[in-house]
Colleague: 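Please see the structure below; I have some questions.
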Amino acid sequence: MTTILVTGGTGTLGRLVTERLRTDGHEVRVLSRHSRTYPVDLREGGTGLAEAVAGVDTIVHCASTPRGGDERAARHLAEAARPAGVRHLVYISIVGVDQVPLGYYQSKLAVERLIEESGLGWSVLRTTQFHDLVLRLLQGSAKLPVMLLPAGVAVQPIEVAEVAARLAELAAGAPAGRVLDMGGPEVRSFPELARAYLRTSGRRRTLLNVRLAGKAYRGFRAGGHLTPQRALGEVTFEQFLAGSFPARG
């Protein structure tokens, strides 16, 4: 078995990737700002990063934030990985980063290109939005008496554990380049998902579809972030919700 470093290994996805790899028998190092063993901020780099990658065969790069700094973090990671002899860098990206001109998506696309040009063996997996993210969006909207939803936008949410399993599979293999996208089992409208959330959580809200402005919104309306032909996930949003809320009797 190999030694694998998981960046963002204390986050929603990274934690599950770490658990899966350890179950499969790999030695796993967890790197994040909150890690007990390798507390490194990739955006800053530093000597701790060199120590973290020393002797590592594969890196699974899950660390990411919409607040900025992903490109700088990836550059630091690649610069540390090359002299350490890292064989394989696996990166998790998002379906539509080359179709939807959203700032965070453009940053993810830039990281993809940086990794491709890093001189390292690499694999990039793009997936659709996690169930957890869609739930947080709906919970935020439900804080108001009227839930404001983006008109004409559908999503294809996927279970994070299924993505973690695929990343672990890629990490155990040879560099594969840009692999096929991975999407959730169903393309659903926001009103459908909102009604499912309200039913499961026992809340009542009025739904209001709102047309937004801008190129990013047009990209979402056009479905650039969807991959219905790659609906590989099995867990539906309703099944995810059923596990997220206690049964009401």
Colleague: For Pro145, does its backbone N or O pair with a side-chain atom of Arg204 as donor and acceptor, under 3.5 Å?
Modeller: no

Colleague: Are Val111 and Leu102 connected, step by step, through hydrophobic side chains (Ile, Leu, Val, Met, Phe, Trp, Tyr) whose heavy atoms are closer than 4.5 Å?
Modeller: no

Colleague: Which pair of heavy atoms, one from Val187 and one from Pro228, lies closest together, and at what distance?
Modeller: CG2-CB, 4.1 Å

Colleague: For Glu192, what residues pass the salt bridge (charged side-chain N to carboxylate O under 4.0 Å, His left out) criterion, not counting sequence neighbours?
Modeller: Arg188

Colleague: Under 4.5 Å between any side-chain heavy atoms of Arg15 and Thr10, yes or no?
Modeller: no

Colleague: Working to the nearest 0.5 angstrom, can you tell me the gap between Leu207 CG and Leu198 CG?
Modeller: 6.0 Å

Colleague: Provide the closest heavy-atom pair for Ser123 versus Ala176 in the form atom of the first, atom of the second, distance.
Modeller: OG-N, 2.8 Å

Colleague: Give the other cluster members for Val95, using side-chain heavy-atom distances under 4.5 Å between Ile, Leu, Val, Met, Phe, Trp and Tyr residues; answer none if it is isolated.
Modeller: none

Colleague: Please, which pairs that meet ring pair (Phe, Tyr, Trp, His ring centres under 6.0 Å) have at least one residue in residues 26-54, sequence neighbours excluded?
Modeller: none

Colleague: Under the side-chain hydrogen bond (donor to acceptor under 3.5 Å, both in side chains) definition, can you give me all pairs with a residue in residues 144-166, not counting sequence neighbours?
Modeller: Arg166-Glu169

Colleague: Given 3.5 Å as the limit, does a donor-acceptor pair link the side chain of Ser118 with the main chain of Ala78, or not?
Modeller: no

Colleague: Which pairs would a plain distance check flag for residues 134-142, meaning a side-chain donor or acceptor within less than 3.5 Å of a matching protein atom at least two apart in sequence or in another chain?
Modeller:
{"from": "Ser141", "atom 1": "OG", "to": "Leu148", "atom 2": "N", "distance (Å)": "3.1"}
{"from": "Ser141", "atom 1": "OG", "to": "Leu148", "atom 2": "O", "distance (Å)": "3.3"}

Colleague: Pairs in or reaching into residues 81-108: which pass ring pair (Phe, Tyr, Trp, His ring centres under 6.0 Å), with residues at least two apart or in two chains?
Modeller: His61-Tyr91, Tyr105-Phe220

Colleague: Treating Thr128 as the side-chain partner and Gly184 as the backbone partner, does any N or O pair qualify as donor plus acceptor under 3.5 Å?
Modeller: yes

Colleague: Show the numbers, then the answer: is there a side chain to side chain contact (heavy atoms under 4.5 Å, CB included) between Glu238 and Thr200?
Modeller: CA-CA 8 Å; Glu238 281 81 359; Thr200 306; 5.9 Å; no

Colleague: Would you mind listing every ring pair (Phe, Tyr, Trp, His ring centres under 6.0 Å) that reaches into residues 148-187, with sequence neighbours excluded?
Modeller: none

Colleague: Sorted by first residue and then second, give each ring pair (Phe, Tyr, Trp, His ring centres under 6.0 Å) pair with at least one member in residues 151-190; sequence neighbours left out.
Modeller: none

Colleague: Would the distance check show the side chain of Thr7 and the main-chain N or O of Cys62 forming a donor-acceptor pair, the cut-off being under 3.5 Å?
Modeller: yes

Colleague: Grouping I, L, V, M, F, W and Y whenever their side-chain heavy atoms are under 4.5 Å apart, do Leu226 and Val100 come out in a common cluster?
Modeller: no

Colleague: Decide whether Phe245 and Met147 are clustered together by the hydrophobic rule: side chain heavy atoms of Ile, Leu, Val, Met, Phe, Trp, Tyr closer than 4.5 Å, transitively.
Modeller: yes

Colleague: With sequence neighbours left out, write down each residue that passes salt bridge (charged side-chain N to carboxylate O under 4.0 Å, His left out) with Arg20, or none if nothing qualifies.
Modeller: Asp24

Colleague: In the single-linkage hydrophobic clustering (I, L, V, M, F, W, Y; side-chain heavy atoms under 4.5 Å), do Leu114 and Leu77 co-cluster?
Modeller: no

Colleague: Is there a donor-acceptor pair closer than 3.5 Å between any side-chain N or O of Thr127 and the backbone N or O of Ile94?
Modeller: no

Colleague: Taking the side chain as everything from C-beta on, heavy atoms only, tell me whether Trp122 gets closer than 4.5 Å to Pro175.
Modeller: no

Colleague: Is any side-chain heavy atom of Arg126 less than 4.5 Å from a side-chain heavy atom of His225?
Modeller: no

Colleague: Using the rule that two of Ile, Leu, Val, Met, Phe, Trp, Tyr join whenever any of their side-chain heavy atoms come within less than 4.5 Å, decide whether Val124 and Leu120 are in one cluster.
Modeller: yes

Colleague: Heavy-atom distance under 4.5 Å between the side chains of Thr37 and Leu31, does that happen here?
Modeller: no

Colleague: Rounded to the nearest 0.5 Å, how far does CD of Glu112 lie from OG of Ser107?
Modeller: 10.5 Å

Colleague: Quick one: which residue pairs count as a side-chain hydrogen bond (donor to acceptor under 3.5 Å, both in side chains) with a foot in residues 70-79, not counting sequence neighbours?
Modeller: Ser64-Asp70

Colleague: Rounded to the nearest 0.5 Å, what's the gap from CG on Leu109 to OG on Ser93? Could you check?
Modeller: 7.0 Å

Colleague: Could you give the side-chain donor-acceptor pairs of residues 50-58 under 3.5 Å, partners two or more places apart or in another chain?
Modeller:
{"from": "Asp57", "atom 1": "OD1", "to": "Arg87", "atom 2": "NE", "distance (Å)": "3.2"}
{"from": "Asp57", "atom 1": "OD2", "to": "Arg87", "atom 2": "NE", "distance (Å)": "3.0"}
{"from": "Asp57", "atom 1": "OD2", "to": "Arg87", "atom 2": "NH2", "distance (Å)": "3.0"}
{"from": "Thr58", "atom 1": "OG1", "to": "Arg87", "atom 2": "NH2", "distance (Å)": "3.4"}

Colleague: For a side chain to side chain contact (heavy atoms under 4.5 Å, CB included) check, start with the C-alpha distance between Val155 and Leu193, then their side-chain angles and the critical distance, and finish with the verdict.
Modeller: CA-CA 9 Å; Val155 288; Leu193 296 171; 3.1 Å; yes

Colleague: So which residues get pulled into Leu167's cluster when ILVMFWY side chains under 4.5 Å apart are joined, directly or through others?
Modeller: Ile4, Val6, Leu13, Leu16, Val17, Leu21, Val28, Val60, Val90, Ile92, Leu125, Phe130, Ile158, Val160, Val163, Leu170, Val179, Met182, Leu232

Colleague: Verify the distance criterion only: is there a donor paired with an acceptor across the side chains of Arg203 and Tyr197 at less than 3.5 Å?
Modeller: yes

Colleague: Please report the shortest heavy-atom distance between Pro157 and Pro185, naming the atom on each side.
Modeller: O-CD, 3.7 Å

Colleague: Please report the interatomic distance NE2(His131) to OG1(Thr236), rounded to the nearest 0.5 Å.
Modeller: 6.5 Å

Colleague: Just checking Glu234: does its CD atom have more than 12 heavy atoms from other residues, nucleotides or ligands closer to it than 6.0 angstrom?
Modeller: no

Colleague: To the nearest 0.5 angstrom, please state how far the CG atom of Leu212 sits from the CG atom of Asn209.
Modeller: 10.0 Å

Colleague: Heavy atoms only: give me the nearest Gly8-Ala63 pair and the separation to one decimal.
Modeller: N-CB, 3.7 Å

Colleague: For Arg113, does the CZ atom have more than 12 heavy-atom neighbours from other residues, nucleotides or ligands under 6.0 Å away?
Modeller: no

Colleague: How about Leu180 and Arg230: do any of their side-chain heavy atoms sit closer than 4.5 Å?
Modeller: yes

